[in-house]
J.: 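The structure is given below, and queries will be raised subsequently.
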Amino acid sequence: MTAEPAPNARSLRQRDAEVIAEIARLRFSPLSLVGGRGNRLIEEGGREILDLSASAGPAALGYGHPAIVEAVAQATSNMAGASLLLYPNDNAVSLAETLLAITPGEGGRKVWFGHSGSDANDCAVRVLQAATGRTRFISFIGSYHGNLSGSMGVSGHTAMTHTLPRPGLVLLPYPDPFRPRFPAEAVLDLLDYQFETTCPPDQVAALFVEPLMSDGGLIVPPPGFLKALAARCRRHGIKLVVDEVKVGLGRSGLLHCFEHEEVVPDMVVFGKGLGGGLPLSALVGPRDIMDHAPAFALQTTAGNPVATAAGRVVVETILRERLWEHAARVGQVFADGLRALADRHACIGEVRGRGLAVGIDLVADRATRAPVPVTTTAKVIYRGYELGAAFSYVGLKGNVLEFTPPLTLTEAEAREGVAIVDQALADVAAGRVSDAAVAPFMMW
Ligand SMILES: *Cc1c(COP(=O)(O)O)cnc(C)c1O
């Protein structure tokens, strides 16, 4: 009998493939991690990788930020319990106070804490239905609000067509200025027509919207669109829920992404970057809805003092250092650098975004704006990894490179990222990445 090799004789990737369930996997490259420092990930073997995605958003302050390290160490070494259910703790209460202070809104409001964007949107759906007595919701084709039953039920991403949306959901097209098949006026007209016909507005509890659509393709809505939605919601007594999970808390170049349109939402959902890498989400909404029923959406470890210690530090750091201004400035350097590559790479259809949420729409043909096949996008990501940068793709056709780096990205790192993307695009065009190399990575 031959003994199994000790687990550490095999690579992290091999061990991962054996024990981590396929359903939860979304790998874009062979990168496997043993550490992280600043805006760099450390690959097994020790190579440093420039992180242009912040682990898909949560690493708002990068990795090993001294203030987070200290706050978490303190919160764990003298733990004020491990839950918010039975006793309040100062970190959770202080973070809630800060979130209320920085989030525009009308009337008395309260905060609910969860672990993820998924559970926060899930809580929002349930509490809105219960408190308003209205059972229908409106959201957008391409939207991603999470992966729990309730939050999936109001999402419109093609990656979710394996599960039906909730009954009565109305999915509207999200106006995409680059491919204006459904311009904003047409979408608003369709919404009005729904209200006049099969979706009476008094049946609708809320409209969920991403103020900048991320997973659906890094789409910046045309000016005035969010405002027009907000006006319709107000007119019909429908709550406007703005999902800031991916693009909020400084990423867009303003503290809140909805501020680009002077919209005041009824409810705001925070996640990803809020915890700086620890599981933390928050829902901010009207008191009468949030207090609808006691013990309405309980999760034992939600709001625990460790995750909220990290959240406090993240929010305090963003506010103290005005990181939204930094995101706007470095995002401009990064996006300008990428735009300048369009001269050399015919596949760049458009570079778009706000602040440090930037996308490159890759096209097979600039005239028709037909998307490249997803294999091309996957190859750019693969080659980017080989060259030392981590990023991924979004979009219903899988043709949009998405960059959501830590808000602490420096201008030098932004330029380094541009150079790597430039080289990756050139190498893929020259056929330097094979189909076989990327075959295991197309999961989205
Ligand atoms: C990622 C994301 C979610 C879900 O957050 P999880 O932490 O993955 O549960 C919800 N909404 C938006 C806009 C997101 O990008």
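Read the numbers this way: they start at 1 and go in the same order the structure lists the ligands and their atoms. As the structure is a prediction and not an experimental result, all values here were calculated from the model.
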J.: Not counting sequence neighbours, which residues clear side chain to side chain donor-acceptor pair (under 3.5 Å) with Glu262? List them please.
T.: Lys227
J.: Count the heavy atoms belonging to other residues, nucleotides or ligands that lie under 6.0 Å from CZ of Phe296, then report whether that count exceeds 12.
T.: yes
J.: I need the full list of salt bridge (Lys or Arg N to Asp or Glu O under 4.0 Å) pairs touching residues 54-69, with sequence neighbours left out, sorted by first then second residue.
T.: none
J.: Is the count of non-hydrogen atoms from other residues, nucleotides or ligands lying under 6.0 Å from Glu70 atom CD greater than 12?
T.: no
J.: Check whether any side-chain N or O of Arg369 sits under 3.5 Å from a backbone N or O of Phe178 as a donor-acceptor pair, and report yes or no.
T.: yes
J.: Going by side-chain hydrogen bond (donor to acceptor under 3.5 Å, both in side chains), name the pairs with one or both residues in residues 232-244, residues two or more places apart or in two chains.
T.: Asn121-Asp243, His145-Asp243, Asp192-Arg232
J.: Heavy atoms under 4.0 Å from ligand 1: which residues qualify?
T.: Ser116, Gly117, Ser118, Asn121, Tyr144, His145, Gly146, Glu210, Asp243, Val245, Lys246, Lys272
